[in-house]
Structures are given as structure tokens and as C-alpha cells.
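All values below come from the heavy atoms of this structure, side chains included, with hydrogens, waters and symmetry mates left out. Keep in mind it's a predicted model, so treat the numbers as computed, not measured.
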Amino acid sequence: MSFIVAIDGPAGTGKGTITKLVAKDFGLINIDTGATYRCVTLEMLNQNISIHETEKIIKISENINMKIENNNGFQTIFLNEEDVTELVSQVSSIVEVRLNMVKLQRKLAEGKDVIMEGRDITTYVFPNANVKIYLDADVEERAKRRYKENLEKGINMTYEEVLEHIKWRDNNDKNKELGALRIAEDAIVIDTTKLSIEEVKQKVEEIIKKAKGEVKC
């Protein structure tokens, strides 16, 4: 019996950070959706397949041998028994690959307690999740956070450029043909605009505890 925590929201709301922290505190497996695409990319490279060879890429995504392990709060991704945790993806825009990856993500969650964040986890990947949370924040605040992250990483972009990019991404995510960003009817919305990461984590963990029956409603 699985226990699924699904978190959605636009860029800059802290989804990735919160998911990692909560996964560690509750011993949940953090299924990184991007990791599934990174594995497809690696297998493409292993087989010398070009990004333009769509049919071959789809075939890889149908038969990929991937698993995720949670070791002391850290996620390790294996492709054909090889640790591929640090790789980068190029293939998520292919609709058929995305459909196959959703099947894989659901399979990875079978019989496990997991947490997953993204754009359509509560609405499409795990519509029957035990916990559905939508993190949100004002676009200006999200831009400030991303701008600060970029400075720390040495990425040279002005605040105005970051703001425009996030606005563009919001519009793009909300109008995707498949897996558009939207708030599930039964999701709990948390506005993180004026909250610290610790405050958001506390709110998320309280919701999970209630769902697990550890705290009376």
C-alpha cells in the first residue's frame, strides 16, 4: 500500500527544496520526475541515438530499466544498475516519451511511500494521491528568489530578465497541451510569498501528519 504526497506549483515557490526536506523528515522516497528523462537521455547517448530520432527515443522510454533508491534521505537513480544521479535531460518535450515516463513514475511508486513535485503531479500523474498540495507565491517574489539563486550560482541575469522569464514560463506551463499547470480541486494551497522555507515545511508536514492520522483534525 503506497502513501503518495503530490506537490505542484509554478517555478520559484520552493517545491524542490520543500520536497527534499519533507522526504528526509518522513523517510519518503523523492521521485524526481526529471531523473526519468535523464535516464532516457543517457540511454540515447549509449545507443548513439540523435534527439531527432523520435521513434527510437519513444522505444527507449517504453523499455527503460530504471529504479530509484532512498539512502539516508538522499535519492539515488539507477539505469541498468548504474548510478546516473548526476545526469541532464533533453527529451521531456516529446509527448509520447512523457506519457511513458508517467507510467514509469507510477510504477516506481507502487508499494512505496513517496513524495513527488512538479507541474501536474496532483492532477495527472497521481490524481488519487493521499496528500495534494499546491505551492504558490507572487510572481515578483518568485523572481526575487530565482534572481538570488542565480547570483549564488554565478548566472548573469538581471532581475527584470528573470521576472520576464518566469512570467513566460508561467504562461507556457499553464497552456501545455499535456500536463498543464493548474490547481487540483482537492489540493491544499499554500501561499509561500511571505513564508520562510522552514515555515512552509512545517505547514506541509502538518498536512501530511493529519493525512497519516498522526494528528487529529
Side-chain angles (χ1 to χ4, degrees), residues 3-38 68 70 73-75 85 88-89 92 105 109 113-126 129-155 157-174 176 179-184 186-212:
F3 184 86
I4 309 294
V5 178
I7 300 179
D8 283 330
T13 53
K15 300 189 305 294
T17 300
I18 291 299
T19 297
K20 290 176 183 177
L21 293 172
V22 172
K24 186 174 182 179
D25 286 354
F26 283 86
L28 302 173
I29 295 175
N30 176 14
I31 298 182
D32 181 353
T33 56
T36 57
Y37 297 98
R38 290 194 289 275
I68 294 179
N70 186 26
F74 295 96
Q75 175 182 270
T85 309
V88 179
S89 176
S92 60
Q105 290 153 15
D113 293 344
V114 307
I115 185 169
M116 183 185 293
E117 59 90 3
R119 184 182 63 237
D120 61 346
I121 310 303
T122 63
T123 57
Y124 182 65
V125 181
F126 289 117
N130 302 86
V131 174
K132 295 184 182 181
I133 295 172
Y134 187 95
L135 298 184
D136 207 352
D138 293 342
V139 66
E140 291 83 4
E141 175 61 26
R142 291 189 283 125
K144 289 177 184 176
R145 294 173 183 174
R146 188 54 52 87
Y147 175 65
K148 182 179 179 181
E149 289 176 4
N150 287 349
L151 288 178
E152 293 172 350
K153 295 177 181 178
I155 300 174
M157 288 181 69
T158 66
Y159 166 77
E160 289 74 19
E161 289 172 331
V162 174
L163 178 61
E164 287 307 308
H165 177 75
I166 286 185
K167 287 180 178 179
W168 172 85
R169 182 170 173 179
D170 284 354
N171 182 68
N172 187 59
D173 286 348
K174 290 176 181 178
K176 289 280 188 182
L181 173 66
R182 62 183 178 84
I183 304 174
D186 53 347
I188 298 173
V189 179
I190 300 176
D191 187 337
T192 73
T193 304
K194 298 181 179 179
L195 300 178
S196 67
I197 286 294
E198 181 60 29
E199 288 172 328
V200 178
K201 181 171 81 76
Q202 289 176 1
K203 286 180 177 290
V204 170
E205 293 191 346
E206 187 69 16
I207 292 168
I208 294 173
K209 287 177 182 177
K210 288 181 179 179
K212 281 180 166 287

| Lys/Arg N to Asp/Glu carboxylate O, Asp25 vs Lys201, below 4.0 Å |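 Judged by the 4.0 Å cut-off on N to carboxylate O distance, Asp25 and Lys201 do form a salt bridge.
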| task | Taking only Lys NZ, Arg NE, NH1 and NH2, and the carboxylate oxygens of Asp or Glu, determine whether Lys203 and Glu199 approach each other closer than 4.0 Å. | result |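 No, Lys203 and Glu199 are not salt-bridged.
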How close do [X] and [Y] get, counting heavy atoms only, and between which atoms?
X      : Y      : answer
Asp136 : Pro10  : OD1-CG, 3.6 Å
Val131 : Ala211 : CG2-CB, 3.4 Å
Ile208 : Phe26  : CG2-CE2, 3.8 Å
Ile115 : Ala23  : CG2-CB, 3.7 Å
Thr122 : Ala184 : OG1-CB, 3.7 Å
Phe126 : Lys132 : O-CE, 4.0 Å

| task | Please lay out, stage by stage, how Lys144 and Glu140 fare under the test salt bridge (Lys or Arg N to Asp or Glu O under 4.0 Å). | result | CA-CA 6 Å; Lys144 289 177 184 176; Glu140 291 83 4; over 6 Å; no
| message | Checking Gln105 against Thr33: is there a side-chain donor and acceptor pair closer than 3.5 Å? | response |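 No.
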| query | With distance as the sole criterion, is a donor-acceptor pair present between the side chains of Gln202 and Glu198 under 3.5 Å? | reply |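 There is such a pair between these side chains.
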Taking the side chain as every heavy atom from C-beta outward, state whether [X] and [Y] have any pair of such atoms under 4.5 Å apart.
X      : Y      : value
Tyr159 : Leu151 : no
Ile121 : Ile7   : no
Val5   : Asn130 : no
Glu117 : Thr13  : no
Leu195 : Ile190 : yes

| task | Find the distance between OG1 (Thr17) and CD (Glu149) and round it off to the nearest 0.5 Å. | result |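 Output value for this atom pair is 7.0 Å.
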